[in-house]
J.: 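This structure is in structure tokens; I'll ask about it shortly.
Order of the sequence lines sets the chain letters (A, B, ...), proteins ahead of strands, with each chain counted from 1.
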Amino acid sequence: MAFNKDLASRLEEMAAMLELLGENRFRVNAHAKAARVVRDQTRDLSTLDADELKAIDGIGKGMAERVAELRDTGEIADHDELLDRVPGGLLDVLEVPGLGPKTVKLMWDDLGIIDIAGLKAAIEDGSLAKLPRMGAKTIENIRSSLAFAASAGKRVPMGVAMPIAERIVAHVRAVDGVTRCEYAGSLRRGKDTIGDLDVLCVAEDGEAVREAFCTMPGVVDVIARGDTKCSVRLKMEWDLGRWSGALSEDDLGPTIQADLRLVPAASWGAALMYFTGSKEHNVRLRERSLKMGYTLNEYGLFPEDTTTDEPPQKRGVEAVAGESESEVYGKLELAWIPAEAREDRGELEMTQDEAEYIVELADIKSELHAHTTASDGKMSIEELAEAAQERGFHTIAVTDHSRSSAIAGGLEVDRLMEHIEAVKAADRKAKGIRILCGSEVDILADGSLDYDDDVLAQLDVVVASPHAALKQEGEVATKRLIRAMENRYVHVLGHPTGRLIGRREGLQPDMSAVIAAAVEHGVALEINAHWMRLDLRDSHVLAAVQAGANIAIDCDVHHPDDYDNLRYGVLTARRGRVPRGLCVNAWPARKLLKWLKARRA
DNA sequence: CTTGCGCACAAGCCCCACGTGGACGTGGG
């Protein structure tokens with residue numbers, strides 16, 4: 001939804017500018033929270049009236065007026081006024097890691113710095129060093145942030161970050177005396193993009209781990225090296241297998257920051273919770289702790305005693321919990337909350353049963369979206385089925401592209417008919433797995449489908465997906481997707497928006513309307529598991545689940561390795577708290593087949 | 001600026017490591 005996105009970025013800018021101007025921090029936070037809430041909304045906010053807007057948590061009178069203002073005039077007067085008072089380039093300066101609002105304001109007031117170019121000049125001529133708290137190390141870190149500007153602070157797709165994190169963890173675990181090591185942060189929460197990597201470890205010999213971490217292959221810069229925390233920048237090509245290092249100065253490509261935290265064994269659970277986040281989730285937990293007479297930090301959950309500022313662990317206060325996450329959640333009278341759900345989106349209200357019923361990787365027993373050499377896949381029908389069977393699946397659907405996807409080798413009707421026969425023959429021969437014939441049918445720009453109904457009727461499974469006209473207006477897109485789902489032969493709405501992370505925005509339909517239509521027609525909404533797609537995205541999944549829509553988690557298999565992407569799809573599903581009962585791929589074969597047939601009855 | 005309680009106003013988001021410089025800003029979740 002273009003409107004929500006526009007609104008959210010304006011509110012974010014307002015928060016940043018208010019902060020730079022030293023305004024009331026609650027006002028700043030209110031704008032930042034409103035921006036976050038707006039971004040998570042599945043409804044197009046321009047279609048809501050004032051009362052509906054104010055019903056949203058975080059949106060009050062003032063914000064509701066701003067929404068109406070943007071809808072009616074295309075502008076927000078307060079936003080424009082702030083832009084007049086704050087030079088635009090300062091917002092870029094604020095983005096530089098190591099610089100916060102106080103410092104940026106000081107640089108602006110004292111040195112007249114209003115953009116990145118001014119900052120660079122102030123570093124070179126030494127004037128920056130004259131500001132308070134600008135020591136050699138800090139300036140060096142700013143300089144290095146600027147040198148890596150192309151990538152520093154930029155988020156990378158989860159699928160790129162994951163292999164890097166796994167190698168770091170393996171590297172650290174190989175150090176003598178390391179008893180535990182895991183990655184935490186947004187990667188553990190399964191966010192679609194990752195800002196940096198957080199690695200926790202328990203070690204007998206801290207110095208050995210620090211040394212191993214700061215000198216591991218791929219490190220191009222050590223930002224901090226303290227007793228319990230080290231930060232480095234890593235060259236990104238790591239994930240491409242260039243593990244062996246041998247980097248020259250002019251070889252610097254995109255980098256990602258990785259932090260190592262050394263924690264005491266007794267604090268493992270508390271530390272893992274703290275570094276897993278999200279920040280918002282942690283804040284909720286700490287508020288709850290205080291209300292229950294505890295204080296929570298990364299060392300543990302402690303009985304609250306308010307007499308001193310010194311942290312409890314330093315005074316020898318005994319923690320009531322801290323060794324494991326479930327122990328801490330338990331003392332707070334909460335279910336253990338899956339890491340992926342820790343976003344302050346209502347997860348604290350989950351019961352133990354709800355938490356345990358969330359779908360997991362081992363539950364997935366079928367794949368409903370796969371391609372063969374008949375269109376743009378790399379495997380034959382048999383190879384596809386064999387790979388599915390190795391994963392323990394009971395059903396695989398062969399869904400090659402339809403005719404409009406010419407570049408992807410889409411099938412004309414006569415070829416589709418031959419293909420159906422080939423699939424049926426393979427299914428008759430196959431043992432222990434059911435091979436269904438299907439199609440990934442293009443949803444054309446107007447919402448009509450690429451094959452006629454009499455053709456679709458001959459298929460066991462129809463996945464309908466948008467591939468072209470992905471820049472059309474949101475309202476047109478909403479109608480397009482709904483019209484496709486109204487067709488009684490459609491089972492799954494494939495990658496509903498067509499977004500590609502970091503590359504293409506995709507359709508911006510009114511997702512609430514799309515979800516409502518999916519529920520009405522019994523169509524499953526797909527979470528396309530490829531890490532470049534993850535489409536539906538997490539916030540859409542949560543809204544779909546709350547509306548009771550069925551969810552399909554599919555790998556959109558083209559190549560044998562594509563099955564490995566399932567983990568990313570499942571992480572996204574868990575962020576949306578998908579229960580097993582709503583995930584069609586987690587159903588037993590009989591239930592799945594019954595559902596496929598029932599849609600057409 | 002929002003929420004909650006109650007119709008005008010108070011309270012709101014925590015707790016820690018690091019670097020700099022001696023108390024504060026930033027970044028971490």
J.: Can you measure Arg10(A) atom CZ to dC1(B) atom C1' for me and round it to whole angstrom units?
T.: 19 Å

J.: Rounded off to whole Å, could you give me the CZ-to-C1' distance for the Arg286(A) and dG28(B) pair?
T.: 10 Å

J.: Based on the glycosidic angle (syn within 90° of 0, else anti), state the conformation of dC7(B).
T.: anti

J.: Which atom pairs link the protein and nucleotides 8-13 of chain B when you take only N or O atoms and keep those under 3.5 Å?
T.:
residue	atom	partner	partner atom	Å
dC13(B)	OP2	Glu287(A)	OE2	3.2
dC13(B)	O5'	Glu287(A)	OE2	3.4

J.: Answer yes if the side chains of Ser46(A) and Asp44(A) hold a donor-acceptor pair under 3.5 Å, and no otherwise.
T.: yes

J.: With a non-hydrogen cut-off below 4.0 angstrom, is Asn297(A) in contact with a base, only sugar-phosphate, or nothing?
T.: sugar-phosphate

J.: Roughly how many Å is it from CG in Asn282(A) to C1' in dG27(B), rounded to a whole number?
T.: 14 Å

J.: Met273(A) near the nucleic acid: base, sugar-phosphate alone, or nothing, with a heavy-atom cut-off under 4.0 Å?
T.: nothing

J.: Which part of the nucleic acid does Leu99(A) contact within heavy-atom distance under 4.0 Å: base, sugar-phosphate only, or nothing?
T.: sugar-phosphate

J.: Taking Watson-Crick (N1-N3 plus N6-O4 or O6-N4) and G-U wobble (N1-O2, O6-N3), each under 3.5 Å, can you produce the dot-bracket string of DNA chain B? Use [ ] for crossing pairs and | for inter-strand ones.
T.: ((((....)))).((((((....))))))

J.: Is there a donor-acceptor pair closer than 3.5 Å between any side-chain N or O of Asn565(A) and the backbone N or O of Ala529(A)?
T.: no

J.: Taking protein heavy atoms under 4.0 Å as touching, what does nucleotides 18-24 of chain B look like 5' to 3' if B marks base contact, S marks sugar-phosphate-only contact and - marks none?
T.: SBSS--B

J.: Which part of the nucleic acid, if any, lies within reach of Arg66(A) when heavy atoms closer than 4.0 Å are counted: base, sugar-phosphate only, or nothing?
T.: sugar-phosphate

J.: Looking at every strand, decide which applies to His281(A) at a 4.0 Å heavy-atom threshold: base, sugar-phosphate, or nothing.
T.: nothing

J.: According to side chain to side chain donor-acceptor pair (under 3.5 Å), does anything in residues 285-294 of chain A pair up with another residue at least two apart or in another chain? List the pairs.
T.: Arg284(A)-Glu287(A)

J.: May I ask you to say what Arg288(A) touches in the nucleic acid, namely base, sugar-phosphate or nothing, with a heavy-atom cut-off under 4.0 Å?
T.: nothing

J.: How about Ile164(A) and Val156(A): do any of their side-chain heavy atoms sit closer than 4.5 Å?
T.: no

J.: Do Pro101(A) and Leu94(A) touch side chain to side chain, with heavy atoms closer than 4.5 Å?
T.: yes

J.: Consider the side chain of Arg261(A), meaning its heavy atoms from C-beta on, and name the nucleotide among dC15(B), dA17(B), dG29(B) that approaches it most closely.
T.: dA17(B)

J.: Only one of Lys191(A), Glu343(A), Met158(A) passes side chain to side chain contact (heavy atoms under 4.5 Å, CB included) with Ser186(A); say which it is.
T.: Lys191(A)

J.: Please state how far atom CG in Leu187(A) lies from atom P in dG29(B), giving the value in whole angstrom units.
T.: 12 Å

J.: Please lay out, stage by stage, how Val37(A) and Asp57(A) fare under the test side chain to side chain contact (heavy atoms under 4.5 Å, CB included).
T.: CA-CA 8 Å; Val37(A) 166; Asp57(A) 187 54; 5.9 Å; no

J.: If you compare every side-chain N and O of Tyr183(A) against the phosphate oxygens of dG29(B) (OP1, OP2), does one of them come in below 4.0 Å?
T.: no

J.: Just to verify, what does Glu207(A) make a side chain to side chain donor-acceptor pair (under 3.5 Å) with, not counting sequence neighbours?
T.: Arg210(A), Arg225(A)

J.: Please state how far atom CG in Leu94(A) lies from atom C1' in dT26(B), giving the value in whole angstrom units.
T.: 11 Å

J.: Please test Asp538(A) against Thr572(A) for side-chain hydrogen bond (donor to acceptor under 3.5 Å, both in side chains), starting from the C-alpha separation and ending with a verdict.
T.: CA-CA 6 Å; Asp538(A) 55 6; Thr572(A) 303; over 6 Å; no

J.: Distance check needed: dT26(B) C1' versus Ile142(A) CD1, whole Å only.
T.: 11 Å

J.: Once you apply a heavy-atom cut-off of 4.0 Å, does Lys61(A) come out as touching a base, just sugar-phosphate, or nothing?
T.: sugar-phosphate

J.: Under 4.0 Å, heavy atoms only, any strand: does Ser186(A) hit a base, just the sugar-phosphate, or nothing?
T.: nothing

J.: For residues 35-57 of chain A, which residues have at least one heavy atom under 4.0 Å from DNA chain B?
T.: Ile56(A), Asp57(A)

J.: Where the side chain of Asp510(A) meets the backbone of Gly474(A), is there a donor-acceptor pair that is under 3.5 Å apart?
T.: no

